[in-house]
Participant: 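Quick one: the structure is below, and I'll ask about it shortly.
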Amino acid sequence: MPQLSDRVNQISESQTIAMARKSRELKAQGVDIISLSLGEPDFPTPQIIKDTAKQAIDENYSYYTHVSGYLELRQAVCEKFKRDNNISHTPDEIVVSTGAKQSIANLVLCLINEGDEVIIPSPYWVSYVELLKLAGGVPVIIETQIESDFKMSPKELEAAITPKTKMIMMSTPCNPTGSVYSKEELKALAEVVIQHNELYILSDEIYEHINFAGGHESFAQFDFIKDRVITINGVSKGFAMTGWRGGIMAAPKWIAEACDKMQGQFTSATSSITQKAIHKAMTLDYETYIKPMRDAFLQRRDLVLKLMKDIPGLKTNVPQGAFYVYPEISSYFGKKYDKYTINSGTDLSMFLLDVAHVALVPGAAFGSDKYIRFSYATSEDNLKEALRRMKEALAKLQ
Ligand code: PMP
Ligand code: GLU
């Protein structure tokens with residue numbers, strides 16, 4: 001009997017991608033699904049980036065590049081980090097990949113040994129734990145609460161560190177909670193980390209540009225911790241380029257070199273055309289190209305929070321970034337309608353998919369199944385209709 005490897009058998013399918021697949025299948029069958037499952041901007045990629053890529057194709061920029069990305073691109077990435085985040089890097093500390101997801105996978109495979117512990121504040125992004133499992137790492141989860149805006153405190157971090165802790169993995173702005181750590185909060189966490197040798201921070205900043213709190217803050221801006229920080233970013237969210245597959249990592253040189261070696265065996269590099277597109281994105285005027293998208297997201301967030309207030313039993317924080325709302329839904333537990341009984345976020349998501357034809361992602365994917373994640377990266381009309389349907393369906397649960 002053919003057998004798959006234990007490695008693949010121990011990981012789960014990405015729940016965000018699974019939910020998106022399910023809603024695509026239902027749509028293909030003619031069901032009128034509103035999909036609020038996958039986190040991806042609904043805006044077109046800026047025309048100027050598309051034109052740059054077309055030109056690269058026409059000019060035959062068609063060949064293998066340096067594994068970590070061509071030199072001028074990595075120089076432009078360094079300029080971006082200096083200009084936007086006050087972090088100084090050299091091109092040999094930059095690895096451009098096929099998406100932030102690959103950057104995270106590269107890093108985990110290069111840094112984590114069997115049995116190493118990695119601290120992950122929960123709620124966390126769906127792929128962290130699964131990628132860690134592939135490397136044999138042990139996730140150590142710190143549960144955070146709505147009341148503290150889902151932020152991990154320095155005390156909680158300190159209490160979770162053991163001699164086996166190798167890394168902390170977190171995102172700010174956070175997927176799925178939208179929480180944004182302030183400069184002071186990051187500094188206080190960094191002050192804990194620096195007390196421990198061989199402890200690293202994976203700082204996932206992919207939502208840098210979707211921040212309503214006024215200004216993104218990076219861990220690596222503090223010189224005293226910079227050698228322990230791996231900053232991960234990309235073009236998927238801020239530039240509406242999810243399908244282009246462009247990720248960026250800035251790290252101490254020895255880590256960047258290891259990731260270059262790893263990536264050289266896996267993908268050789270991301271697409272040469274994508275690299276040209278990323279390069280363009282690094283030099284764009286954000287006020288012109290990014291602010292309109294961010295303003296639209298903010299308007300949608302406010303709309304969603306307002307409409308959610310009208311639906312009993314959805315308890316939320318006020319997300320300061322990214323494009324998700326993450327309501328706590330445990331007041332529906334024990335309630336029933338027809339063949340449905342709700343005992344988890346998974347039950348509620350299935351109920352809403354079947355009865356309201358609204359696709360969401362259960363909180364189980366992000367560490368706790370008493371939540372559901374709602375992406376508001378879609379039109380205001382879709383959001384209004386989705387919330388109307390949800391309100392109607394949830395009222396049926398008794
Ligand atoms: N980190 C977080 C927090 C995300 O939400 C995502 C989803 N796109 C990624 C990383 C991966 O992004 P990319 O498309 O660049 O692989
Ligand atoms: N990051 C997005 C999300 O959380 C896209 C899906 C994925 O990459 O898993 O929905």
Side-chain angles (χ1 to χ4, degrees), residues 11-24 35-42 45 69 77 95-108 120-132 150 168-181 201-211 216 218-219 230-250 259 263 266-267 270-271 274-275 277-278 281-282 297 319 321-326 349 359-367 371-378:
I11 62 167
S12 320
E13 180 183 10
S14 162
Q15 291 304 302
T16 45
I17 289 178
M19 212 44 175
R21 179 171 40 76
K22 211 169 279 173
S23 48
R24 263 187 226 120
S35 183
L36 309 176
S37 53
L38 198 60
E40 70 176 342
D42 56 327
T45 300
V77 171
V95 181
V96 176
S97 69
T98 60
K101 196 181 261 180
Q102 192 196 5
S103 301
I104 297 167
N106 280 341
L107 179 68
V108 166
I120 305 180
S122 167
Y124 48 78
W125 181 49
V126 57
S127 293
Y128 292 166
V129 170
E130 302 305 320
L131 289 173
L132 197 57
F150 295 110
I168 295 155
M169 229 169 160
M170 56 181 278
S171 60
T172 177
C174 175
N175 176 4
T177 63
S179 303
V180 172
Y181 283 78
I201 302 172
L202 184 168
S203 181
D204 180 348
E205 304 181 15
I206 187 82
Y207 294 96
E208 166 177 18
H209 293 299
I210 306 165
N211 178 337
H216 174 73
S218 296
F219 262 116
I230 301 91
T231 307
I232 288 183
N233 208 320
V235 288
S236 282
K237 313 293 170 167
F239 299 90
M241 292 173 68
T242 48
W244 293 72
R245 312 310 300 132
I248 293 166
M249 184 187 84
C259 291
Q263 181 161 291
F266 273 105
T267 61
T270 193
S271 147
T274 294
Q275 291 186 40
I278 301 171
M282 294 297 103
F297 284 131
F323 34 61
Y324 309 102
V325 180
Y326 195 61
S349 302
L360 305 158
V361 184
F366 310 98
Y371 297 86
I372 50 176
R373 191 191 76 173
F374 187 109
S375 160
Y376 57 84
T378 187

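Note that ligands are numbered from 1 as they come in the structure, with each ligand's atoms numbered from 1 the same way. Everything numeric in this text was worked out from a predicted model, so none of it was measured.
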Participant: Does any non-hydrogen side-chain atom of Pro319 lie less than 4.5 Å from one of Val325?
Facilitator: yes
Participant: Is there a polar contact between ligand 1 and Tyr324, counting only N or O atoms under 3.5 Å apart?
Facilitator: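 Such a contact does not occur with ligand 1.
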Participant: Kindly confirm or rule out an N or O of Lys101 lying under 3.5 angstrom from an N or O of ligand 1.
Facilitator: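 There is such a contact, yes.
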Participant: Using distance alone, decide if ligand 1 has a nitrogen or oxygen within less than 3.5 Å of any nitrogen or oxygen in Ser171.
Facilitator: no
Participant: Identify the protein heavy atom lying closest to atom 2 (C) of ligand 2, giving its residue, its atom name and the separation to 0.1 Å.
Facilitator: Lys237 NZ, 3.3 Å
Participant: Please classify the Phe323 to ligand 2 contact at 4.0 Å (heavy-atom distances, strictly less than): side chain, backbone, both or neither.
Facilitator: neither
Participant: So if I count the atoms of ligand 2 from 1 in the order they appear, which ones are less than 4.0 Å from some heavy atom of Ser14?
Facilitator: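 The atoms of ligand 2 under 4.0 Å from a heavy atom of Ser14 are 9 (O).
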Participant: Has ligand 1 got any nitrogen or oxygen that is less than 3.5 angstrom from a nitrogen or oxygen of Tyr128?
Facilitator: no
Participant: Is Gly39 close to ligand 2, meaning an N/O of one under 3.5 Å from an N/O of the other?
Facilitator: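 Between Gly39 and ligand 2, an N or O pair is found under 3.5 Å apart.
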Participant: Using atom types as modelled and distance alone, determine if a side-chain donor or acceptor of Ser349 lies under 3.5 Å from a backbone N or O of Ile372.
Facilitator: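 Not confirmed, Ser349 side chain does not pair with Ile372 backbone.
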Participant: Taking the minimum heavy-atom distance to atom 15 (O) of ligand 1, which of Gly234, Ser97, Ala100, Ala105 ranks first?
Facilitator: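 Of the listed residues, Ala100 has the closest heavy atom.
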Participant: Any chance CZ of Arg24 has more than 12 other-residue heavy atoms, nucleotides or ligands included, within less than 6.0 Å?
Facilitator: no
Participant: Given side chains that start at C-beta, do those of Tyr326 and Phe366 come closer than 4.5 Å, heavy atoms only?
Facilitator: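 With C-beta onward as the side chain, the pair touches.
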Participant: Show which atoms of ligand 1 fall inside a sub-4.0 Å distance from at least one heavy-atom site of Gly99.
Facilitator: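 Matching atoms, with element in brackets: 15 (O), 16 (O).
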Participant: Do side-chain atoms of Thr274 reach the backbone of Trp244 as a donor and acceptor pair under 3.5 angstrom?
Facilitator: yes
Participant: Hey, is the main chain of Ala240 close enough, under 3.5 Å, to the side chain of Thr45 for a donor-acceptor pair?
Facilitator: yes
Participant: Short N/O distance, under 3.5 Å, between Thr242 and ligand 1?
Facilitator: no
Participant: Suppose we measure from atom 6 (C) of ligand 1 to each protein heavy atom; which comes out shortest, and what is that distance?
Facilitator: Trp125 CZ2, 3.4 Å
Participant: Give the residue, atom name and distance (to 0.1 Å) of the protein heavy atom nearest atom 8 (O) of ligand 2.
Facilitator: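 The closest heavy atom on the protein side is Lys101 NZ, 3.2 Å.
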Participant: Which is it for Gln102 and ligand 1 at heavy atoms under 4.0 Å: side chain, backbone, both or neither?
Facilitator: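 It is neither part, as no heavy atom is under 4.0 Å.
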Participant: Taking 4.0 angstrom as the limit and counting only heavy atoms of Asn175, give me the atoms of ligand 1 inside it, by number and element.
Facilitator: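 Every atom of ligand 1 under 4.0 Å from some heavy atom of Asn175: 3 (C), 4 (C), 5 (O).
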Participant: Within the 4.0 Å heavy-atom shell around Thr16, which atoms of ligand 2 are there?
Facilitator: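 Near Thr16, the atoms of ligand 2 are 3 (C), 4 (O), 6 (C), 7 (C), 9 (O), 10 (O).
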Participant: Assert yes or no for the condition that the ring centre distance of Phe150 to Tyr371 is strictly below 6.0 Å.
Facilitator: yes
Participant: Say you draw a straight line from CG of Leu131 to CG of Leu107; how long is it, rounded to the nearest 0.5 Å?
Facilitator: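 Here the rounded value is 10.5 Å.
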Participant: Of all the atoms in ligand 1, which lie at a distance below 4.0 Å from a heavy atom belonging to Arg245?
Facilitator: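 Here the atoms of ligand 1 in question are 13 (P), 14 (O), 16 (O).
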Participant: Atom CG in Leu132, atom CE in Met169: separation rounded to 0.5 Å?
Facilitator: 5.5 Å
Participant: Quick one: does Ser236 get an N or O within less than 3.5 Å of an N or O on ligand 1?
Facilitator: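 Yes, since at least one N or O of Ser236 sits under 3.5 Å from an N or O of ligand 1.
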Participant: Got a second to check how far Asp42's CG is from Ser375's OG, nearest 0.5 Å?
Facilitator: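 Here the rounded value is 8.5 Å.
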Participant: Among all protein non-hydrogen atoms, which one is nearest to atom 7 (C) of ligand 1, and what is the separation to 0.1 Å?
Facilitator: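 Among all protein heavy atoms, the one nearest atom 7 (C) of ligand 1 is Lys237 NZ, 3.0 Å.
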Participant: Counting heavy atoms only, which part of Val361 comes closer than 4.0 Å to ligand 2: side chain, backbone, both or neither?
Facilitator: neither
Participant: Nearest 0.5 Å, what's the CZ-OG1 distance between Phe219 and Thr172?
Facilitator: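 That separation rounds to 8.0 Å.
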Participant: What protein heavy atom sits nearest atom 1 (N) of ligand 1, and how far off is it?
Facilitator: Asp204 OD2, 2.6 Å
Participant: Is the closest N or O pair between Arg373 and ligand 2 shorter than 3.5 Å?
Facilitator: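 Yes; at least one N/O pair falls below 3.5 Å.
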Participant: Tell me which one of Glu208, Glu205, His209 satisfies side chain to side chain donor-acceptor pair (under 3.5 Å) with His216.
Facilitator: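 With His216 as partner, side chain to side chain donor-acceptor pair (under 3.5 Å) holds for just one option, Glu205.
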Participant: Are the side chains of Pro41 and Thr242 in contact, using a 4.5 Å heavy-atom criterion?
Facilitator: yes
Participant: Please round to the nearest 0.5 Å and tell me the distance separating atom CZ of Phe297 and atom CD1 of Ile210.
Facilitator: 5.0 Å
Participant: Tell me, please: is Glu40 in heavy-atom contact with ligand 1, that is, under 4.0 Å?
Facilitator: no
